[in-house]
Amino acid sequence: AGHDDHSVDDDNSSIRSSSPANSPVMDRNPSPPPDREGEQGGEEVDAIGETVYSKHWLFSTFTRLIQIVSEQNMGDSDAQMQLPEEDEDELCKIWDMAMDKDVAGFLQEFKAADILLGVITKSRCPRLTEICVGILGNIACFPDTCLTLSQNNDLGAVLLLLLGDTDPPTLLETTRLLLTCVSQSDVSSLWLERVRQQTSVCSSLCFIMCSSTNMDLLVKVGELVDKLFDLDEELMKTWVTAGSQPSDEEEEEEGERRLDVASSLLEAAKQLRSESPEGLEVYLHALQLLTTIHHGIQTLAVAGGTGQALWTFLCEVVCEDLCQPDDPPFVLQEQKGLLVHALAVLSVLVSESLCSPVLPLVGSMLRVLQYHREVSSGHGQKEKEEEEEEKVDEQLQALIQTTVEFLSDIITDLTKDAVCELVTRGYLTEKTCLSAVGSLLPQFSPAVSSPSL
């Protein structure tokens with residue numbers, strides 16, 4: 001991704017120096033690029049790999065980058081600096097170039113990561129920091145270069161500290177880089193260990209989720225948290241437990257409130273509800289992961305805690321936003337991801353007696369089964385044969401299974417008055433009844449092959 005895709009303005013976000021506090025490295029200016037004067041001349045030799053990009057131009061631009069940060073540090077140490085437009089344009093070219101595998105490999109050979117790290121730790125210009133992190137993010141998109149980057153412990157420490165920055169574009173690029181590295185199986189364990197050791201990561205991410213109004217940043221942070229939880233259950237337990245413990249006396253005296261993971265995920269999900277269905281789905285999956293561990297359920301069960309607020313929010317999403325009566329049945333295919341995660345969490349909340357099912361929720365689940373039945377039986381024979389040859393839609397199957405199990409758990413507890421209310425409100429109709437019976441009957445009578453109506 002290039003600089004145009006990741007420079008996000010947020011007027012509601014404050015900006016400070018992008019230089020990480022207590023940086024573990026770089027008490028001096030970055031070293032200049034290696035001396036390449038001995039290389040043979042000619043355009044062919046000057047080109048990077050199979051590209052048309054010039055090595056000489058790259059050396060010159062990096063030399064200028066070091067000059068920029070050196071000039072910044074000669075001025076007022078507390079003043080925030082601006083990046084000259086011409087320099088910004090040249091550096092953004094490198095940002096875009098780094099998406100090429102040959103260029104990324106050359107930058108790695110060129111020790112560009114060390115130069116960029118030095119600039120990041122010395123920079124007092126948020127835009128310059130953003131660009132440098134963005135270049136590293138593009139270099140990390142390739143397995144070989146990602147491996148080399150990931151083995152740089154100083155870089156790893158600085159990037160995790162950058163999560164405490166307040167500049168949204170810098171945070172976006174930092175999160176993107178971390179997500180790229182964590183997602184590569186060869187190096188994910190390295191990054192997970194760093195995250196476990198750097199306790200500030202949890203509080204930094206929670207602060208972003210609770211306070212940011214930058215949609216792109218919220219989505220990327222959600223993807224990072226979801227990936228971390230998916231890869232490391234022990235890390236998830238640690239973060240959940242840390243957030244549920246009372247603040248120490250010093251924090252209380254300073255008036256600080258400890259941010260817990262569950263409420264932070266919920267707050268970000270609320271922000272994304274109307275803005276980004278894809279982002280909302282990521283957060284619902286992360287919340288679902290929380291309900292797979294005892295510590296997560298305990299956190300939701302705390303009186304006056306996140307459990308009730310989460311229940312209310314998810315009921316609104318399912319009953320008001322998804323699978324509505326006037327939607328065509330195939331909407332189920334578009335919304336299956338949101339529905340399966342939301343219903344899975346709601347099911348846990350009910351099974352743990354944290355909340356009681358409401359009739360609109362029952363109606364929505366009946367409609368899910370109805371739409372699935374209509375879509376499944378609405379194709380021609382040729383289309384059916386083509387579908388059978390395609391890969392099974394595991395997510396849709398998971399949605400139907402979750403819905404069926406949830407309904408089977410609560411349907412026997414419905415009173416006669418509740419059933420009459422379902423009919424009165426139009427939730428329980430002939431169509432929904434047929435669909436529900438066809439789906440639910442195997443749950444109660446596995447030996448019966450077809451319902452007798």
Side-chain angles (χ1 to χ4, degrees), residues 266 269-270 272-274 277-278 280-281 283-285 287-288 291 300 307-378 393 395-444:
L266 175 58
K270 289 179 179 178
L272 292 168
R273 177 181 174 183
S274 60
E278 295 81 9
L280 177 59
E281 183 177 339
Y283 277 92
L284 295 190
H285 184 258
L287 286 163
Q288 182 185 352
T291 65
L300 297 176
Q308 186 59 54
L310 179 59
W311 169 267
T312 301
F313 173 71
L314 292 180
C315 280
E316 289 177 356
V317 170
V318 172
C319 299
E320 298 176 13
D321 300 349
L322 305 176
C323 203
Q324 295 298 293
D326 54 351
D327 286 336
F330 59 77
V331 77
L332 206 60
Q333 189 67 32
E334 300 171 8
Q335 300 175 351
K336 59 187 177 183
L338 286 167
L339 282 164
V340 69
H341 301 320
L343 291 177
V345 175
L346 289 169
S347 177
V348 170
L349 295 176
V350 169
S351 66
E352 295 294 328
S353 301
L354 302 182
C355 301
S356 301
V358 291
L359 295 184
L361 180 59
V362 176
S364 291
M365 288 191 286
L366 290 169
R367 197 176 304 117
V368 166
L369 297 180
Q370 175 195 334
Y371 284 0
H372 179 250
R373 184 171 183 262
E374 291 180 4
V375 169
S376 299
S377 61
D393 190 334
Q395 193 171 49
L396 185 59
Q397 283 192 337
L399 169 60
I400 301 308
Q401 182 179 349
T402 300
T403 306
V404 167
E405 291 177 355
F406 193 2
L407 264 180
S408 66
D409 287 340
I410 64 177
I411 200 168
T412 53
D413 294 329
L414 293 177
T415 64
K416 183 178 179 181
D417 289 341
V419 174
C420 290
E421 185 71 15
L422 285 171
V423 175
T424 302
R425 295 193 187 186
Y427 299 139
L428 187 58
T429 64
E430 181 180 356
K431 285 185 177 181
T432 59
C433 185
L434 285 170
S435 302
V437 169
S439 300
L440 288 169
L441 194 57
Q443 297 288 315
F444 297 101

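The residues of the chain are indexed from 1 along the displayed sequence. In this text, all values refer to a predicted model and were calculated from it rather than measured experimentally.
- A distance of 8.5 Å separates CD1 of Ile411 from CG of Leu422, quoted to the nearest 0.5 Å.
- Residue Arg373 comes nearest to Ser377 through the heavy atom pair O-OG, 2.8 Å, listed as atom of the first residue, atom of the second, then distance.
- Under a 3.5 Å cut-off, the side chain of Tyr371 and the backbone N or O of Asp327 do form a donor-acceptor pair.
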(request) Could you give me the CA-CA distance, side-chain angles and deciding distance for Leu339 and Thr402, then say whether side-chain contact (heavy atoms from CB on, under 4.5 Å) is met? (result) CA-CA 10 Å; Leu339 282 164; Thr402 300; over 6 Å; no
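- Between Ser435 and Glu374, the closest side-chain pair of non-hydrogen atoms is not below 4.5 Å.
- In terms of heavy-atom proximity, Glu281 sits nearest to Gly337 at OE2-CA, 3.5 Å.
- Residues Val348 and Leu300 fail the side-chain proximity criterion, which asks for heavy atoms closer than 4.5 Å.
- Shown here for Ala269 and Tyr283, the closest heavy-atom pair between the two residues is CB-CB, 4.1 Å.
- A 4.5 Å side-chain heavy-atom check between Leu322 and Val331 finds every atom pair outside the cut-off.
- Taking CG of Leu314 as the reference point, atom CG of Leu266 lies at 7.5 Å (rounded to 0.5 Å).
- Just one of Asp413, Val419, Asp417 meets the side chain to side chain contact (heavy atoms under 4.5 Å, CB included) condition when paired with Thr415; it is Asp417.
- Side chains of Gln395 and Val340 form a contact here, defined as non-hydrogen atoms less than 4.5 Å apart.
- No side-chain donor-acceptor contact under 3.5 Å links Glu334 to the backbone of Leu332.
- Across Val345 and Leu284, no two heavy atoms sit closer than the pair CG2-O, 4.4 Å.
- Residues Cys323 and Gln335 meet the side-chain proximity criterion, which asks for heavy atoms closer than 4.5 Å.
- Closest approach of Cys315 and Val358 over heavy atoms only: SG-CG2, 4.3 Å.
- Salt bridge status for Lys336 with Asp393: present, with a side-chain N to carboxylate O gap under 4.0 Å.
- The shortest side-chain heavy-atom distance between Leu346 and Val350 does not fall under the 4.5 Å cut-off.
- How far CG of Leu280 is from NE2 of His341: 10.0 Å, rounded to the nearest 0.5 Å.
- Listed for the Glu352 side chain is no donor-acceptor partner under 3.5 Å among the backbone atoms of Ser347.
- Here the CD atom belonging to Gln333 is positioned 9.0 Å from the NE2 atom belonging to His372, to the nearest 0.5 angstrom.
- Proximity of Asp321 to Arg273: side-chain heavy atoms (C-beta onward) are separated by under 4.5 Å at one or more points.
- A distance of 11.5 Å separates CG in Leu434 from CG in Leu366, rounded to the nearest 0.5 Å.
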(message) Does Leu399 form a side-chain contact (heavy atoms from CB on, under 4.5 Å) with Leu396? I'd like the steps, not just the answer.
(response) CA-CA 5 Å; Leu399 169 60; Leu396 185 59; 4.2 Å; yes
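- Remark: Thr429 pairs with Lys431, Thr432 by the side-chain contact (heavy atoms from CB on, under 4.5 Å) rule, at least two apart or across chains.
- Here the closest heavy-atom approach between residue Gln324 and residue Cys319 is recorded as NE2-O, 2.9 Å.
- Put simply, the side chain of Cys433 reaches to within 4.5 Å of the side chain of Val437, judged on heavy atoms.
- Atom OH of Tyr427 sits about 7.0 Å away from atom OG of Ser364, to the nearest 0.5 Å.
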